[in-house]
Participant: 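One structure, pasted below without further comment.
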Amino acid sequence: MTTELRRLRNFIDGEFRDAADGRTTEVVNPATGEAYATAPLSGAVDVDAAMAAAEAAFPAWRDLVPGERQKVLLKIADAFEARAEELIAAESENTGKPVALTRSEEVPPMVDQIRFFAGAARMLEGRSAGEYMEGLTSIIRREPIGVCAQVAPWNYPMMMAVWKFAPALAAGNTVVLKPSDTTPASTVLIAEIIGGVLEELGHPKGVFNVICGDRETGRLMVEHPVPAMASITGSVRAGMQVAESASKDLKRVHLELGGKAPVVVFDDADIAKAVEDISVAGYFNAGQDCTAATRVLVHESIHDEFVTALAKAAAETKTGQPDDEDVLYGPLNNANQLKQVAGFIERLPGHAKLEAGGHRVGEKGYFFAPTVVSGLKQDDEIVQHEVFGPVITVQSFADEDQAVAYANGVEYALASSVWTKDHGRAMRMSKKLDFGCVWINTHIPLVAEMPHGGFKKSGYGKDLSAYGFEDYTRVKHVMTSLG
């Protein structure tokens, strides 16, 4: 007996549509390795239609007073809460994530973030008017950019969609959003929810559009002449391709890319607390997080004790099916990602020591065991490159200077953490660490009010916060004669 696959569809100008040429891709549940749906493989005609809808809707949405846009976003947040269980079910099938953790760790922050940007919608302001030349008054206008082409990743499909559409809509832009080809289900549901709110409140249907597709679809979006901005969360390679494509007509670009977060543990740290928190921050979401605590640098005097405790914590960490409430994380997102993570372990140098895990779990789905690798050197592949899996590496350092050199000695610069009871040392490290975020005696908390974004090959632009909101605006100087 063959189970009929669910049919996901694009959402363009308030309507669900198949791809114009009828092409589809299969969508696989990573917890089972089996297809459960099909999604459109959108081409140029579909991208044209979505961009035309967003472009047509922009003037009316732009010209709304901010309080009206706020009402829309607050209504969307309420709708997310009301339909939370549907969103959780879609995201769990999308990603294989534990249902309980998706309910507690993703939906509440998403709703809060939408409400934060609803408030930010009413804070579009420039510097106060003033006379900087005799007889002339200058004012600053903060304006929306226009149509935003946005591409979300597969590690947090639902939450990253919020990080993209909420500030864009709040600032008065219209949106064409593409989910990853492996995780479109929750984004299509979000389109249904937002479309319903826009229709109920009488706003243009093309304010928010979703098109499904692959890397080529994303390229068509970024190179399309309509969008004034391209925003992507994804790999460094994808970010570089987007920047190159956007450069052809000088689109504004917002990139949140990979990470290789150093976790610097000094000899005065509370080892038990550090191990507990780092193991959670390293293995949460199967390590598929750009800020994951997967590159530990520990002082040589406590190295062996720390590694022993971390290996024990790894052995006690569970991965499993979404409905198991006793697991910390689910599967890797897709077969290619499983192959990539396993490849890092297979290619470990002879001086590396596998302290825990290092293998696939089960034959069904894409599960990988919590892994700890020690004995590594700074130039080892697994230290320099993002694994994006449940793998924590450990290196030792002799002093603060060496810790800083090792921490900064990678191409990524998104997030980092320092573990010490010495306040002065913590402050010195927070200054010296070349990362967009530095946590002290914790790792991975995020709040809507504070910015998230990195330097170097981790990209540029900020998500969340007033800084992220400003990224979706442009600054105009208006000067008027007093004569």
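We number each residue from 1, following the sequence as shown.
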Participant: Tell me which pairs pass ring-ring contact (aromatic ring centres under 6.0 Å, His included) where either residue lies in residues 178-222, with sequence neighbours left out.
Facilitator: Trp61-His203, Phe165-Phe208
Participant: The criterion is salt bridge (charged side-chain N to carboxylate O under 4.0 Å, His left out); which residues satisfy it with Glu93, sequence neighbours excluded?
Facilitator: Arg6
Participant: Measure across Ile382 and Leu348 and return the closest heavy-atom pair with its distance rounded to 0.1 Å.
Facilitator: CD1-CD2, 3.8 Å
Participant: Does the side chain of Thr233 pick up a donor-acceptor pair with the side chain of Lys164 at under 3.5 Å?
Facilitator: yes
Participant: Would the distance check show the side chain of Arg122 and the main-chain N or O of Gln70 forming a donor-acceptor pair, the cut-off being under 3.5 Å?
Facilitator: no
Participant: Begin with the C-alpha distance, continue with both residues' side-chain angles, and end with the deciding distance and a verdict on side chain to side chain contact (heavy atoms under 4.5 Å, CB included) for Arg115 and Leu73.
Facilitator: CA-CA 7 Å; Arg115 288 178 176 148; Leu73 284 161; over 6 Å; no
Participant: Taking all non-hydrogen atoms of both residues into account, name the closest pair between Ser416 and Phe435 and its distance.
Facilitator: OG-CB, 3.7 Å
Participant: Let's go through Gln395 and Val296 carefully: what are the C-alpha distance in whole Å and the side-chain angles of both, what is the deciding distance for side chain to side chain contact (heavy atoms under 4.5 Å, CB included) to 0.1 Å, and is it a yes or a no?
Facilitator: CA-CA 6 Å; Gln395 299 165 259; Val296 175; over 6 Å; no
Participant: How far apart are the C-alpha atoms of Lys205 and Glu15, what are their side-chain angles, what is the distance that settles it, and do they pass the salt bridge (charged side-chain N to carboxylate O under 4.0 Å, His left out) test?
Facilitator: CA-CA 8 Å; Lys205 296 177 181 179; Glu15 299 177 350; 5.6 Å; no
Participant: Between Phe368 and Thr319, is a side chain to side chain contact (heavy atoms under 4.5 Å, CB included) present by the stated rule, with each step listed?
Facilitator: CA-CA 8 Å; Phe368 202 84; Thr319 180; over 6 Å; no
Participant: Any salt bridge (Lys or Arg N to Asp or Glu O under 4.0 Å) pairs touching residues 26-51, not counting sequence neighbours?
Facilitator: none
Participant: Kindly write out the residues that satisfy ring pair (Phe, Tyr, Trp, His ring centres under 6.0 Å) with His224, not counting sequence neighbours, or none if the list is empty.
Facilitator: none
Participant: Mind checking side-chain hydrogen bond (donor to acceptor under 3.5 Å, both in side chains) for Glu381 and listing every partner two or more places apart, or none if nothing turns up?
Facilitator: Arg347
Participant: Could you check if a side-chain atom of Leu338 sits within less than 4.5 angstrom of a side-chain atom of Phe367, using non-hydrogen atoms only?
Facilitator: no
Participant: Would you indicate whether Met427, at its atom CE, is surrounded by more than 12 heavy atoms from other residues, nucleotides or ligands within a distance under 6.0 Å?
Facilitator: yes
Participant: Salt bridge (charged side-chain N to carboxylate O under 4.0 Å, His left out), that's the test. Do Lys75 and Glu200 meet it? Break it down for me.
Facilitator: CA-CA 10 Å; Lys75 192 87 173 178; Glu200 178 187 346; 3.1 Å; yes
Participant: According to side-chain hydrogen bond (donor to acceptor under 3.5 Å, both in side chains), who are the partners of Lys457, at least two apart in sequence or on a separate chain?
Facilitator: Glu411
Participant: Please, which pairs that meet salt bridge (Lys or Arg N to Asp or Glu O under 4.0 Å) have at least one residue in residues 214-224, sequence neighbours excluded?
Facilitator: Glu216-Arg219, Arg219-Glu223, Glu223-Lys248
Participant: Mind listing the closest non-hydrogen atom pair of Ala403 and Leu297 along with its distance?
Facilitator: O-CD1, 3.9 Å
Participant: Using the ring pair (Phe, Tyr, Trp, His ring centres under 6.0 Å) criterion, which residues pair with Phe388? Sequence neighbours excluded.
Facilitator: Trp154
Participant: Given Arg142 and Thr473, is the side chain to side chain donor-acceptor pair (under 3.5 Å) satisfied, shown in steps?
Facilitator: CA-CA 6 Å; Arg142 278 257 179 209; Thr473 69; 2.7 Å; yes
Participant: Sequence neighbours left out, what pairs pass ring-ring contact (aromatic ring centres under 6.0 Å, His included) with at least one residue falling in residues 230-261?
Facilitator: His254-Tyr472
Participant: When you measure from the side chain of His443 to the backbone N and O of Thr291, does any donor-acceptor pair fall under 3.5 Å?
Facilitator: yes
Participant: Taking the side chain as everything from C-beta on, heavy atoms only, tell me whether Thr393 gets closer than 4.5 Å to Thr294.
Facilitator: no
Participant: Counting only N and O atoms by type, is there a donor-acceptor contact under 3.5 Å from the side chain of Asn173 to the main-chain atoms of Ala168?
Facilitator: yes
Participant: So, Asn209 side chain and Gly206 main chain: donor-acceptor pair closer than 3.5 Å or not?
Facilitator: yes
Participant: Short question: side chain of Ser458, backbone of Ala413 - any donor-acceptor pair under 3.5 Å?
Facilitator: yes
Participant: Compare all side-chain heavy atoms of Phe344 with those of His385 and state whether any distance is below 4.5 angstrom.
Facilitator: yes
Participant: Any side-chain heavy atom of Phe58 within less than 4.5 Å of one from Thr174?
Facilitator: yes
Participant: I need the single residue from Thr217, Asp21, Asn10 that forms a side-chain hydrogen bond (donor to acceptor under 3.5 Å, both in side chains) with Ser42. Which is it?
Facilitator: Asn10
Participant: Scan for side chain to side chain donor-acceptor pair (under 3.5 Å) pairs involving residues 178-194, sequence neighbours excluded, and state none if there are none.
Facilitator: Arg83-Glu192, Glu91-Ser186, Asn94-Ser186, Ser180-Thr182, Thr182-Asn333
Participant: How far apart are the closest heavy atoms of Cys212 and Pro184, and which atoms are they?
Facilitator: SG-CB, 4.0 Å
Participant: For the pair Met51 and Val176, evaluate side chain to side chain contact (heavy atoms under 4.5 Å, CB included) and give the outcome as yes or no after the intermediate values.
Facilitator: CA-CA 7 Å; Met51 295 301 173; Val176 178; 3.7 Å; yes
Participant: One pair to check against side chain to side chain donor-acceptor pair (under 3.5 Å): Lys97 and Thr102. What are the steps and the verdict?
Facilitator: CA-CA 7 Å; Lys97 294 180 184 180; Thr102 305; 6.0 Å; no
Participant: What are the two closest heavy atoms between Leu332 and Gly389, and how far apart are they?
Facilitator: CD2-CA, 4.0 Å
Participant: For Tyr132 and Ser138, work out which heavy atoms get closest and say how close.
Facilitator: CD1-CB, 3.9 Å
Participant: Looking at Arg9 and Asp18, is any side-chain nitrogen of the basic one under 4.0 Å from a carboxylate oxygen of the acidic one?
Facilitator: yes
Participant: Using a 4.5 Å cut-off on heavy atoms from C-beta on, say whether the side chain of Ile232 contacts that of Leu255.
Facilitator: yes
Participant: Taking Lys260 first and then Glu386, would you say they form a salt bridge - that is, a charged N and a carboxylate O separated by under 4.0 Å?
Facilitator: no
Participant: Side chain of Asp277, backbone of Thr442: donor and acceptor closer than 3.5 Å?
Facilitator: no
Participant: With a 4.0 Å cut-off, would you call Lys462 and Glu256 a salt bridge?
Facilitator: no
Participant: Check whether more than 12 heavy atoms from other residues, nucleotides or ligands sit under 6.0 Å from atom CE of Met123, and answer yes or no.
Facilitator: no
Participant: Under the ring-ring contact (aromatic ring centres under 6.0 Å, His included) definition, can you give me all pairs with a residue in residues 4-45, not counting sequence neighbours?
Facilitator: Phe11-Phe16
Participant: Using modelled atom types and a 3.5 Å cut-off, is there a donor and acceptor pairing between side-chain atoms of Ser235 and backbone atoms of Ala238?
Facilitator: yes
Participant: Sub-3.5 Å donor-acceptor pair from the side chain of Gln378 to the main-chain atoms of Tyr406, do we have one?
Facilitator: yes
Participant: Other residues, nucleotides and ligands only: do more than 12 of their heavy atoms fall within 6.0 Å of CD on Glu81?
Facilitator: yes
Participant: When you measure from the side chain of Asn334 to the backbone of Gln337, do you find a donor-acceptor pair of N or O atoms at a distance under 3.5 Å?
Facilitator: yes
Participant: Any pair with a residue in residues 227-247 that passes ring-ring contact (aromatic ring centres under 6.0 Å, His included), sequence neighbours left out, goes on the list, sorted by first then second residue, please.
Facilitator: none
Participant: Counting N and O atoms only, with roles assigned by atom type, does the side chain of Trp439 sit under 3.5 Å from a partner on the main chain of Val418, one being a donor and the other an acceptor?
Facilitator: no
